[in-house]
Protein chains: 2
Amino acid sequence: MSRKIFVSAKEVAERAGVSRSAVSRTFTQGASVSQETRRRVIEAAEALGYHVNHLARGLMRDESGIVCLIAAELDTPYRASLIRALTRHLQSASKIAMLVNTDRSDESVGQALRLAISYRADASIILSGMPARSITDICLKSGQRLVLINRDEERDGALMINLNDRDAAQRAFLALLRAGCRSFAFANSEALTPSLMAREEGFREAGRKHGMEVAVERFGATTYESGLVLAQRLLTRESRPDAIFCANDLIACGVMDAARHQFKLDIPSQLCLIGFDDIEQAKWSSYNLTTFAQPVDEIAAEAVTWLAHAPSQVRSRKLVAELVWRGSVRGG
Amino acid sequence: MSRKIFVSAKEVAERAGVSRSAVSRTFTQGASVSQETRRRVIEAAEALGYHVNHLARGLMRDESGIVCLIAAELDTPYRASLIRALTRHLQSASKIAMLVNTDRSDESVGQALRLAISYRADASIILSGMPARSITDICLKSGQRLVLINRDEERDGALMINLNDRDAAQRAFLALLRAGCRSFAFANSEALTPSLMAREEGFREAGRKHGMEVAVERFGATTYESGLVLAQRLLTRESRPDAIFCANDLIACGVMDAARHQFKLDIPSQLCLIGFDDIEQAKWSSYNLTTFAQPVDEIAAEAVTWLAHAPSQVRSRKLVAELVWRGSVRGG
DNA sequence: GAAACGATTGCACACGCTTGCAAAGGCGTG
DNA sequence: CACGCCTTTGCAAGCGTGTGCAATCGTTTC
């Protein structure tokens, strides 16, 4: 392995004819350096291709500038857009994202958190899974910040960002009811995530409140393929639903495709659909899906400002997912 | 800001009743420690919640374990799946991905590379844009590895991974010709990336070879929305194409939706379409798009094994994108 | 029993940086 | 000119780790 040779502050100092401290101060925000020395240092640094070693800097300061993003299935549209938003916000807060890919197991999330500790990350943001308390305790005790997005379990000292899933589900029911639907169903995955369950329960609850039965099916992961299967199951029931609220836009797309191509149903006249997330594809004219928009940018902004600024007392933020009316429900 | 307090090797050493070196050696691959001390060190480390400080380790070793991923528009399906594959492969090679979000400008890619240098990344993988030679030179001179995916320009010492775009485009032409198409078009974006241009030129060239004119339109970014516009332009020409090869699956989806919903064309009987990338949505039954599959996993594997292992002489790898037959071309 | 050998272990230095502290220099005021 | 104040600068300690070197210890061989 070829040795790595980076230019150090010492070399810059020698070339600029100043002390090493002067170089360090030149690149430290708010340190005391004269115009003249700064100029000479910058010049020498430029010429030599010097860059402050953030590893060494992180050793002295109590900030490494690293924030660890922990997520599974990062190629999923919603997940990907959240990651994009997070990295953007982190970068404008002069932080850098470290991305850890987990499978869905809580064990692997634990491993990811250990990695975050090893790199002395300033914070970890968890998008999937929920690690054991023993590990989150180490994080928090070490002074590492922790942000949980759409997780349910509580951790003292962590910031929890959640959506109004339950309310949204109830609004979905009302919207479908007003559209004249009579037979309701909820298409869920088997990944019984807190937020997915909140949507399911909110929808059922709304059904009960209006004295209507809600059919529920659960299958697989929250993917397009699961949507195909779920549609198959729901639409072959003896009382076929004319309204399906899907846990997810991906599922909704699957359901819609199966309903149209396999069952030859027209949407929205014979079947109304509502999804959740407002992924890119929901806008595509083949789907034109009515759905709830995840406030992705707001989530990212909230997370980043919290972990970048002084520790406010706020421990939990609830953001709202707004209903986006499109063509998959009658009479928007 | 609350101070961060991590437990250090010294504390572990004290608790285990050994020297600090013993602790260090316990966590160093292939160092000389007796069974007994190792056991006591591990036990103490476990009890205290000790994790080796990778920042400090990176200071001593010439490997930080960090690999910098540089990309724009990371929420795009193809990009997202590549990032997922890369992080997975990196992790199984005990490396960690640092994700930098750039806009398309080469300037911002340069900034990203500076960041990679600052964090003493072992390597950088560039998925979008092309930084100035002055910066890549610093990287390479420092001994940092550089992988360019689907970039064209050459950099001595960097690994370039490319696809057979030109050949693929010619195969696309043949496939369309055999399907009985007579009027050919290429739908491109204005992002004149090397690989996109290679597809365009390959397609035109195949046309020339068969004595057929190829209509070309370019618009916007490589997005679904651009596809809508491109379809609008191409399908209102006086000699309407009955075969469109799209630079991208996203564009292809846009073109298909516009063709169907706005121009009421049937696919593939009235219009044949081929895309590129084989994104998730290409499989969706609304699109069922014939396309070329990016060998995402192979790309990632190639990149990671190169940068993780000893410097082989190979400087350039050309991988093949296979044609995936689906329903958007007649007679697959 | 002495010598030779290999496995462990501790010491101390190095990595590249930040920062408290004190010394040095510049400048206005009395 | 003496004094005090403020800005700038260098020194040196320290951050948490890896590792060469020499010392120690236990074991084997003659």
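In the text below, chain A, chain B and the rest are named by the order of the sequence lines, each starting its count at 1.
When rounded to the nearest whole Å, the span between CD of A:Glu63 and C1' of C:dT18 equals 13 Å. Look at CD on A:Glu11: it is 11 Å from P on C:dC15, rounded to the nearest Å. Atoms CZ (B:Phe27) and C1' (D:dG18) sit 14 Å apart, rounded to a whole Å. Atoms CD (B:Glu36) and P (D:dG26) sit 14 Å apart, rounded to a whole Å. Between the C1' atom of C:dC17 and the OH atom of B:Tyr119 lies a distance of 14 Å, rounded to the nearest Å. Atom-to-atom, CD of B:Gln35 to P of C:dT9 comes out at 11 Å; the value is rounded to the nearest Å.
A:Thr26 places no side-chain N or O within 3.5 Å of a backbone atom of A:Val41 that could act as its donor or acceptor partner. With hydrogens and angles ignored, the 3.5 Å screen pairs a side-chain donor or acceptor of A:Gln144 with a backbone N or O of A:Ala121. Using a distance-only test at 3.5 Å, with no hydrogens or angles considered, no donor-acceptor pair links the side chain of B:Glu63 to the main chain of B:Asp122. Under a 3.5 Å cut-off, the side chain of A:Ser34 and the backbone N or O of A:Thr37 do form a donor-acceptor pair. B:Glu302 contributes no side-chain N or O that, together with a main-chain N or O of B:Ile161, makes up a donor-acceptor pair within less than 3.5 Å. Checked by atom type and distance alone, the side chain of A:Arg25 never pairs as donor or acceptor with a backbone atom of A:Ser32 at under 3.5 Å.
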Show the distances under 3.5 angstrom between N or O atoms of the protein and N or O atoms of nucleotides 11-16 of chain D.
residue : atom : partner : partner atom : Å
D:dC11  : N4   : A:Ser21 : OG           : 3.0

Practice task
Before giving the answer on salt bridge (Lys or Arg N to Asp or Glu O under 4.0 Å), spell out for A:Arg15 and A:Glu11 the whole-Å C-alpha distance, their side-chain angles and the decisive distance to 0.1 Å.
Solution key: CA-CA 6 Å; A:Arg15 173 164 181 138; A:Glu11 304 172 49; over 6 Å; no
Exercise for the section: Verify salt bridge (Lys or Arg N to Asp or Glu O under 4.0 Å) between A:Glu14 and A:Lys10, making sure each step is shown before the conclusion. Expected result: CA-CA 6 Å; A:Glu14 279 166 8; A:Lys10 195 168 99 182; 5.1 Å; no
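Residue contacts shown for A:Val23 are absent, as no nucleic acid heavy atom lies under 4.0 Å away.
The local environment of CD in B:Glu36 is crowded, with over 12 non-hydrogen atoms from other residues, nucleotides or ligands closer than 6.0 Å.
Regarding contacts with the backbone of D:dT8, a side-chain N or O of A:Ser32 is found under 4.0 angstrom from either OP1 or OP2. Neither OP1 nor OP2 of C:dT8 sits under 4.0 Å from any side-chain N or O of B:Arg38. Between C:dA7 and B:Ser34, no contact under 4.0 Å exists linking OP1 or OP2 to a side-chain N or O. For B:Thr28 and D:dT17, the shortest distance from a side-chain N or O to OP1 or OP2 is not below 4.0 Å.
Fit an axis to the five pairs at each end of the helix from C:dG1-D:dC30 to C:dG30-D:dC1 and the two axes sit 40° apart, to the nearest 10 degrees.
Both A:Arg61 and B:Thr37 lie near DNA chain C, and the one whose nearest nucleotide falls closer to the 5' end is B:Thr37.
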